[in-house]
Each structure stands twice: as C-alpha cells, then as structure tokens.
Amino acid sequence: METIGEHLDQTHRHFQHVTTPPAIIRQLIAWYDRHHRDLPWRVTPTAAAQGKRPDPYHIWLSEVMLQQTTVQAVKPYFAKFLAAWPTVADLAAAPTEDVMAAWAGLGYYARARNLKKCAEAVAGLYGGVFPDTEDGLRALPGIGDYTAAAVAAIAFNRPAVVMDGNVERVVSRLYAIDAPLPGSKPLMKTRVRDLTPEDRPGDFAQAMMDLGATICTPKRPACAICPLRDHCLAFSEHDPERFPVKAAKKEKPVRFGAAFVAVNPEGEVLLRRRVDSGLLGGMTEVPTTDWTARQDGGQTADHAPFRSAWQSCGTVTHVFTHFELRLSVFRAKADETIHPGGWWEPVANLGAQALPTVMKKVISQAIPLAFEKDPNR
DNA sequence: GAGACGTGGAC
DNA sequence: TGTCCAAGTCT
C-alpha cells in the first residue's frame, strides 16, 4: 500500500515534471470513468473522449442552481430553464419577472437575480460567449471562487482548484485534518491544489464531488467500496465521520408575524412584490406584518392592510436558514377596488407567480385548493 | 470574517 | 421531531 507521505512526494514530482499522475489520482479517475453519475448537464467521459465538449452555458446554469442545493432539486429546474431559454442570450433577453417565477421554490433568490445579471453581462460584454478563464468567470455576478473554478475546470478543462463541500469532506478525511472549518479551508485548498492534475482537471473535480456525494457521504460513508480507501487517513483511524470538523452552530431564533390572504368577488388574491434586496428579494408575497422577534400583539388582524372581517386560518411555520418564522394566517372577502400597493391575481394563475415556498404555504392554508389547478403542473 | 440568504430530503 | 445539510455568494 502506498503511504500518504509517498503520495505527497509523487505529487510534488508530478508538478516539477509532467508525468504519470500519482496512484491516488489514477484510481479516482478510473473510478469516475466507471461510476460517474449521468447528469443532464454533464458530458460523459466516453463522449468527451470522442471530442464532445460540455456547453459552458449548461455548466454555468447547473453550477449556480447546485449552490447549496441537491441534484434532485435542481434537475427539473434545469430542464425548465433550458426549455424556456436555450442560450445565455435568450436568458439575458428574458423579463426578470419570468426568471424569478421560474426560480420560485428553488431558494436563495439572490442567485436568480445574479443569474440574470450574469447572463446580461455575458451576452452584452462577451457576445454570448462565456469567459474561459477562472479570473474572467470570477468577475461575473453570482460567480464566486467555487463556481469560477468549477466552470473553468469542467467547461474549459483548466486545472482550477475546485473546492466545495464534497471536496472539503473528501480531503479532510483523506488527510485527517483536525482543524475545524472554516479556518481549515486554506490548508484543504493547498491539499487539493497538490492533487489537481493537468490532465482531465474537470473530471478530477467531478470525480471528487461524485465521490463525496455517493461514497464519502457525511453519514455512514461507504468506505468498503471507496477507491481511495488505501490512501485515506480517516479510514485508517476507523472514524471517517469525525471529518470534516466544524465550528459549533448557533441557535435559530423565532420570529412572528401575520399574513393576510384577501380574496375579491372575482376570485382574485391580493399580491405584492417584495423589495429587490434581502430576504426573498424581488419575490411575490401576500401582505404581511413585519416579522418580529416578539409575539406582542402585532400579529393580529388589527394590523391587516385594510379593515375587513378577517378570519383566522391558524398558523404557518417556516424554517429559513437563520431563523424560524411563525405566521398567523388570516383570510377575508375583500372589495376588489382595494389594492394598497399590490395587484389582484386570479387564483388559477397563482402557480405562475414568483411565490416562494413560505407564501405558497400561507395561501394554501387560507385557500386549501389554491394550487391544485396549477397550470404549470 | 461572520452573518444573511431557502428549501426539501434523509435519518 | 429535531437536526443536519446540499456542487456557495455577497456584504
């Protein structure tokens, strides 16, 4: 068995002279050739060997959608976006409202706003052609260190150092890195830089991520079938789940508020648009009170957008990344002439709106079948 | 650098 | 049921 020390020596030699990659890289790539996941945006190693290249637009779109988001959640959104906007120029020309509505439900809505800005930049500044360098990509809206490296490596075969949660987990186990994240990130990046090969860097990055997603999982990793087992310090120490070590999390506060679902005689619901920045920025909502830390009476129908016979419909609880929200939901028949700062939308059209999940929950609570006739389903 | 920023699935 | 967390970015 090759030791970690021998491996590092080989890696070092590898970068002094371009030569055969070390065993750990060869084994990882061989595993990837055999066990890679087939994904809609991905070109398989076989197809790549026949000269097929990934579409940078597809890679970029998928990478942005995959930020903090599971493959399963992304797949239908990726298909929907490609069908609606086959090229980056199409996306650049699309109304922002349409993009936000298409993104609704996927979360982290700043991604959708930046997606549109990035498409406009690529279409306007670069004639619809993505920059093919890490630095060029990094300068675009919504593209950070990870996405710039991933697109550079996967779409353009550049030896960029791709660091994501999967890679952090794999490398922290490989080298049994005891220092907690995020402080240990620079050390991990150094390790990954030393591993990244000049040959097939994109497949190396995807192999690391596939390994992290399917074998080197956070819980109960499948070390028995891991191609890197013989190189893994965490495996040799018999406790791979100990890695990566992370800083302790903080407790999630609770906020309270009230939400108001008004229905006019035409069967339309009163909606409004949230400001572009911050939580759910640019998304659609029903009128609500402010969301405050204290349950102090500010959550009653007294604080509705207008006077009416508001009926209580119970509460909706929704957990965001950094707080839990408990909304008291109210419903009322309304005069259709009353529309303070919003608009009236037919119930049958609600499925086409840019409604975040929390608002779909609120409306469903007040109008149980509101999304049953969703024209998008 | 730490906090803001969504959602749904797995255990 | 609660906890974790998934191909991060921006400020």
Side-chain angles (χ1 to χ4, degrees), chain A residues 36-37 39-42 54 58-78 100 103-115 117-118 137-155 160-170 180-183 185-186 189 192 202 204-214 216-220 241 244 246-255 274-283 285 291 317-325 354-361:
Chain A
H36 64 85
R37 291 178 290 175
L39 301 171
W41 45 85
R42 182 177 274 180
H58 296 189
I59 300 302
W60 163 73
L61 180 60
S62 68
E63 289 301 343
V64 173
M65 287 182 167
L66 285 162
Q67 291 166 9
Q68 297 290 285
T69 309
T70 57
V71 165
Q72 186 182 337
V74 164
K75 278 181 178 174
Y77 284 85
F78 180 79
M100 300 306 288
W103 196 277
L106 200 53
Y108 283 139
Y109 299 100
R111 291 185 295 171
R113 301 194 296 273
N114 285 328
L115 190 82
K117 287 184 200 163
C118 184
L137 291 159
R138 180 70 179 79
L140 291 165
I143 298 187
D145 289 341
Y146 162 74
T147 304
V151 175
I154 298 168
V161 181
V162 179
M163 290 293 298
D164 79 327
N166 286 306
V167 178
E168 287 172 2
R169 187 168 55 255
V170 171
L181 282 168
K185 225 165 186 168
K189 186 159 186 174
V192 176
F204 168 76
Q206 294 180 97
M208 289 285 276
M209 293 191 280
D210 276 22
L211 189 74
T214 63
C216 195
T217 49
K219 305 293 180 190
R220 299 174 56 82
E241 275 189 39
K246 294 186 177 180
K249 297 189 168 67
K250 290 181 179 168
E251 198 171 329
K252 212 165 268 196
V254 181
R255 291 188 201 168
R274 292 176 63 88
V275 295
D276 276 320
S277 61
L279 187 71
L280 307 178
M283 299 296 283
E285 66 175 3
W291 304 343
T317 296
H318 190 78
V319 182
F320 293 100
T321 306
H322 54 298
F323 68 94
E324 176 182 320
L325 178 63
L355 289 164
T357 296
V358 61
M359 288 300 150
K360 290 188 173 175
K361 284 191 196 174

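Lettering follows sequence order; numbering is per chain, from 1. Hydrogens, waters and symmetry mates play no part in the numbers below; they use all other heavy atoms, side chains included.
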Provide, to the nearest angstrom, the distance between the [atom1] atom belonging to [X] and the [atom2] atom belonging to [N].
X: Leu115(A); N: dG8(C); atom1: CG; atom2: P; result: 16 Å
X: Asp276(A); N: dC10(C); atom1: CG; atom2: P; result: 16 Å
X: Gln68(A); N: dG8(C); atom1: CD; atom2: P; result: 5 Å
X: Lys246(A); N: dT3(C); atom1: NZ; atom2: P; result: 16 Å
X: Leu106(A); N: dG8(C); atom1: CG; atom2: P; result: 13 Å
X: Leu66(A); N: dC5(C); atom1: CG; atom2: C1'; result: 15 Å
X: Leu181(A); N: dC5(C); atom1: CG; atom2: P; result: 11 Å
X: Tyr108(A); N: dA6(C); atom1: OH; atom2: P; result: 12 Å

Could you check if a side-chain atom of Val162(A) sits within less than 4.5 angstrom of a side-chain atom of Met208(A), using non-hydrogen atoms only?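 Val162(A) does not reach Met208(A) side chain to side chain.
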
Would you mind reporting whether Leu39(A) and Phe78(A) have side-chain heavy atoms less than 4.5 Å apart?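 Side-chain contact under 4.5 Å: no.
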
May I ask you to check whether His322(A) and Phe320(A) place their ring centres under 6.0 Å from each other?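 Between His322(A) and Phe320(A), which both carry aromatic rings, the centre distance is not below 6.0 Å.
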
Could you check whether [X] gets within reach of a base, just the sugar-phosphate, or nothing at all, counting any heavy atom under 4.0 Å?
X: Val358(A); value: sugar-phosphate
X: Val71(A); value: base
X: Ile143(A); value: sugar-phosphate
X: Leu39(A); value: base
X: Gly105(A); value: sugar-phosphate
X: Gly278(A); value: sugar-phosphate
X: Trp103(A); value: nothing
X: Arg37(A); value: base
X: Pro141(A); value: sugar-phosphate
X: Thr357(A); value: sugar-phosphate
X: Thr147(A); value: sugar-phosphate

How do Ser277(A) and Gln72(A) order along DNA chain B: which one's closest nucleotide is nearer the 5' end?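 Here Ser277(A) is the residue nearer the 5' end.
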
Want to settle it: does Arg255(A) or Tyr109(A) sit nearer the 5' end of DNA chain B, counting the closest nucleotide to each?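 The residue mapped nearer the 5' terminus is Arg255(A).
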
Would you tell me whether Tyr146(A) and Glu63(A) have side-chain atoms, one donor and one acceptor, within less than 3.5 Å of each other?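 Judged by distance alone, the side chains do pair up.
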
Assess the side chains of Arg42(A) and Gln206(A): does a donor N or O sit below 3.5 Å from an acceptor N or O?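 Note: Arg42(A) and Gln206(A) side chains meet the donor-acceptor criterion.
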
Flag if over 12 foreign heavy atoms under 6.0 Å of NZ, Lys185(A):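 Atom NZ in Lys185(A) is not crowded, with 12 or fewer foreign heavy atoms closer than 6.0 Å.
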
OP1 or OP2 of dC10(C) sitting under 4.0 Å from any side-chain N/O of Arg111(A)?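 It does not, given that no N or O in the side chain of Arg111(A) lies less than 4.0 Å from OP1 or OP2 of dC10(C).
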
Ignoring backbone atoms, test whether Gln67(A) places a side-chain nitrogen or oxygen under 4.0 Å from the OP1 or OP2 oxygen of dG8(C).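 For dG8(C), neither OP1 nor OP2 has a side-chain N or O of Gln67(A) closer than 4.0 Å.
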
Quick check on DNA chain C: between Ala213(A) and Arg138(A), whose nearest nucleotide comes earlier from the 5' end?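 It is Ala213(A), whose closest nucleotide lies nearer the 5' terminus.
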
Span that lies between the C1' atom of dA6(C) and that of dC5(B), in whole angstrom: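 After rounding to an integer number of Å, I get 15 Å for this pair.
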
Give me the distance, rounded to whole Å, that separates dG6(B) from dT11(C) when you measure between the P atoms they each carry.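 To the nearest whole Å, 14 Å.
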
Could you work out which one of dG8(C), dC4(C), dC10(C) sits closest to the side chain of Lys249(A)?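 From the listed options, dC4(C) comes nearest.
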
Under the side chain to side chain contact (heavy atoms under 4.5 Å, CB included) test, residues paired with Asp145(A) that sit two or more places apart: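 So Asp145(A) forms a side chain to side chain contact (heavy atoms under 4.5 Å, CB included) with Arg138(A).
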
Any idea which heavy atoms bring Leu106(A) and Arg111(A) closest together, and the distance?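 Scanning both residues completely, I find the closest heavy atoms to be O-NH2, 3.1 Å.
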
Earliest and latest nucleotide of DNA chain B, 5' to 3', sitting under 4.0 Å from a non-hydrogen atom of chain A?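 Using the under 4.0 Å cut-off, the span is dG3(B) to dG8(B).
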
If you measure from the Lys or Arg side-chain nitrogens to the Asp or Glu carboxylate oxygens, is any gap between Glu285(A) and Arg274(A) under 4.0 Å?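 Yes.
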
